[in-house]
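Worksheet: the structure to be examined is printed underneath.
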Amino acid sequence: MPYVTSSAVEWVHRDPETGTVEIRYKGGDRYSYFEVPDEVYRGLFEAPSIGAYVNESIKPFYRYDIEERRKRFRPG
């Protein structure tokens, strides 16, 4: 897992076969973003802010899900 320098993100990983990008946030949440192209994933490492990049370039455009065991702690 590539660890990153970020105030919000602990590590990121992309499965090259499926394009699924997993991001573990420092608060413990792990999100999976589906069918993310490699160039978008690489952009994470070039961005001045990884959190802002995810919010602007990944979340609005790619389907995602939060780790199942963490969902129960989310408000409805």
Side-chain angles (χ1 to χ4, degrees):
M1 302 285 161
Y3 288 86
V4 293
T5 302
S6 170
S7 62
V9 174
E10 186 174 333
W11 56 256
V12 298
H13 171 73
R14 180 177 182 272
D15 181 326
E17 291 184 21
T18 65
T20 299
V21 172
E22 291 187 33
I23 299 178
R24 166 72 56 112
Y25 291 92
K26 292 195 175 174
D29 290 340
R30 187 171 74 193
Y31 281 74
S32 297
Y33 299 90
F34 304 105
E35 300 178 12
V36 177
D38 188 54
E39 61 271 11
V40 174
Y41 172 69
R42 285 194 316 262
L44 281 166
F45 301 97
E46 299 167 4
S49 167
I50 291 173
Y53 183 84
V54 170
N55 288 335
E56 296 168 3
S57 301
I58 296 179
K59 272 189 179 181
F61 304 106
Y62 301 96
R63 187 173 53 88
Y64 65 92
D65 197 12
I66 189 171
E67 183 178 19
E68 186 65 36
R69 67 184 180 88
R70 303 285 296 187
K71 284 183 182 178
R72 64 187 165 160
F73 298 110
R74 295 275 185 221

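All values derive from a computational prediction rather than experimental measurement.
- Partners of Glu39 according to the side chain to side chain contact (heavy atoms under 4.5 Å, CB included) rule, which considers only residues two or more places apart in sequence or in another chain, are Pro37, Arg42.
- Residues passing the side chain to side chain contact (heavy atoms under 4.5 Å, CB included) test with Tyr64, sequence neighbours excluded: Tyr31, Tyr33, Lys59.
- Residues passing the side chain to side chain contact (heavy atoms under 4.5 Å, CB included) test with Ala47 are Tyr53, sequence neighbours excluded.
- With rounding to the nearest 0.5 Å, the separation of CD1 in Ile50 from CH2 in Trp11 is 13.0 Å.
- Contact between Lys26 and Glu10 at its shortest, heavy atoms only, is CG-N, 3.9 Å.
- Atom OH of Tyr62 and atom OG of Ser32 lie 15.5 Å apart (nearest 0.5 Å).
- Under the rule for a side chain to side chain contact (heavy atoms under 4.5 Å, CB included), the partners of Thr18 that lie at least two apart in sequence or sit in another chain are Asp15, Thr20.
- Taken from CD in Glu56 to CZ in Phe61, the straight-line distance is 9.5 Å, to the nearest 0.5 Å.
- The structure places CZ of Arg63 at 6.5 Å from CD of Glu35, a figure rounded to the nearest 0.5 Å.
- Ile23 CD1 to Arg14 CZ: the interatomic distance, rounded to the nearest 0.5 Å, is 12.0 Å.
- Put simply, CZ on Arg24 and CD on Glu67 are 5.5 Å apart, with the number rounded to the nearest 0.5 Å.
- Cluster annotation: Ile58 is not connected to Phe34 through the hydrophobic network of ILVMFWY side chains, with a link wherever side-chain heavy atoms come within less than 4.5 Å.
- Nearest heavy atoms, Ser49 versus Ala52: OG-N, 3.2 Å.
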